[in-house]
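Remarks on the structure that follows.
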Amino acid sequence: MKIAVIGATGLVGQKMLQVLAERNLPIDELIVAASERSIGKKTLFKGKEYTLISVEDAIEKRPDIAIFSAGADASLKYAPLFAEKGTYVVDNSSAWRKKEGIPLVVPEINASDINADTHIIANPNCSTIGLVMALAPMHRRYGIKRIVVSTYQSVSGSGIKGLNQLHCEQRGEKAENPAYPHQIHENIIPHGGNFLEDGNTTEEEKLIFETNKILHSNIAVSATVARVPAYGGHSESVNVEFSQPYDVQEIRKILENTPGVIVADNPSENLYPTPLMAYDKDEVFVGRMRRDNSIENGFNFWVVTDNIRKGAATNAVEIAEYLFHSLKFRVES
Ligand code: A2P
């Protein structure tokens with residue numbers, strides 16, 4: 001099969017190539033594309049050099065699957081052009097997530113939202129993926145009424161720009177093209193994306209909307225997004241209100257048996273998830289599980305996800321794997 005990575009020079013695009021190389025999709029032809037300025041440059045895949053081409057040329061090659069991480073504008077413009085040719089697009093940007101009829105998928109939870117006619121599949125926001133990986137089994141068991149989530153997001157969530165800003169500021173220099181309106185080094189910025197009229201930010205709105213689209217639920221979600229000076233890994237503090245009484249030990253067992261989730265929760269040994277623990281891992285790490293006695297059926301936990309892996313590249317590649325195995329498609333030539 002032919003697979004294309006669009007935005008292959010970016011932080012997530014490079015990780016997608018790494019994850020594709022680690023796993024066993026039978027790739028006969030790999031196509032790598034990025035913006036005009038990268039055409040002709042080379043990138044490595046399984047030790048072999050591949051030349052970057054334009055997105056237009058990638059469309060003409062009619063790949064079976066195109067995995068996008070090139071920003072929302074490029075996705076809006078090019079995803080339908082690929083789809084018209086029969087290519088299945090897995091899109092990591094926010095461009096298509098809210099559109100009706102476009103599945104928003106975490107394969108462990110709602111892969112069945114995909115069918116042969118859905119040629120564009122949206123990959124959720126990095127913080128949403130970690131959150132719903134932990135919430136889905138709890139919601140299935142007890143039903144969730146409301147959550148309050150606060151994120152502690154690393155700078156890699158803002159791509160190379162975010163990493164550069166933190167690097168520069170740590171060296172005492174000012175970044176030329178900063179990702180944030182304030183210094184991030186030795187600071188925390190309670191602001192992700194753009195502010196909306198209601199005072200939430202676009203990043204907060206993503207958590208609110210995407211959680212319910214993925215879980216097919218109607219959970220009340222209150223979200224605050226903050227950027228912290230960690231290079232990688234998004235952490236989230238989550239307060240849950242269940243619809244009925246629950247048992248902490250049962251939740252622990254359920255999560256221990258949930259593929260893709262690792263329980264790291266032993267306060268007596270200072271064991272709880274941290275961004276460094278989750279670094280370069282595909283699993284989502286959950287800890288600090290405890291009853292919240294301030295409300296009836298209240299529960300607290302802490303979840304950490306490598307935002308570039310399961311929060312982006314790994315989830316997208318898993319969607320591609322699902323497409324390959326379940327649809328057994330071929331693009332007409
Ligand atoms: P390029 O490196 O040529 O600019 P990041 O979010 O880490 O900065 O990565 C963004 C990725 O999206 C890069 O691979 C970048 O390519 C690519 N990209 C940005 N704009 C476009 C576009 N209009 N068409 C195709 N690729 C794009």
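Indexing begins at 1, ligand by ligand and atom by atom, following the structure's order.
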Working to the nearest 0.5 angstrom, can you tell me the gap between [X] [atom1] and [Y] [atom2]?
X      : Y      : atom1 : atom2 : value
Asp198 : Ile208 : CG    : CD1   : 7.0 Å
Met1   : Asp28  : CE    : CG    : 8.5 Å
Glu56  : Lys61  : CD    : NZ    : 14.0 Å

Donor + acceptor pair across side chains of Thr201, Glu204 (<3.5 Å): yes

Is a salt bridge present between [X] and [Y], judged by a nitrogen-to-oxygen distance below 4.0 Å?
X      : Y      : value
Asp280 : Arg309 : yes
Lys213 : Glu100 : no
Glu283 : Lys310 : no

Ring centres under 6.0 angstrom apart (Trp96, Phe68): no

Closest to atom 1 (P) of ligand 1 among Ala179, Ser93, Ser35 (heavy-atom distance): Ser35

Nearest candidate to atom 10 (C) of ligand 1, where distance is taken over non-hydrogen atoms, out of Gly159, Ala58, Gly71, Ser69: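 When every heavy atom of Gly159, Ala58, Gly71, Ser69 is considered, Ser69 comes closest to atom 10 (C) of ligand 1.
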
Heteroatom distance test (Gly7, ligand 1): nitrogen or oxygen, under 3.5 angstrom: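 Yes: some nitrogen or oxygen of Gly7 is under 3.5 Å from one in ligand 1.
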
N/O separation below 3.5 Å, Leu11 to ligand 1: yes

Which residue and heavy atom of the protein sit nearest atom 19 (C) of ligand 1, plus the separation: Ala70 O, 3.6 Å

Protein residue, atom and distance nearest to atom 23 (N) of ligand 1, heavy-atom basis: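 Scanning the protein heavy atoms, the shortest distance from atom 23 (N) of ligand 1 goes to Ala74 CB, 4.0 Å.
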
Just which atoms of ligand 1 are under 4.0 Å from any heavy atom in [X]?
X      : result
Val55  : 24 (N), 25 (C)
Ser38  : 1 (P), 2 (O), 3 (O)
Gly10  : 7 (O), 9 (O), 13 (C), 14 (O)
Ile160 : 7 (O)

Region of Thr9 that comes within reach of ligand 1 [heavy atoms, distance under 4.0 Å]: both

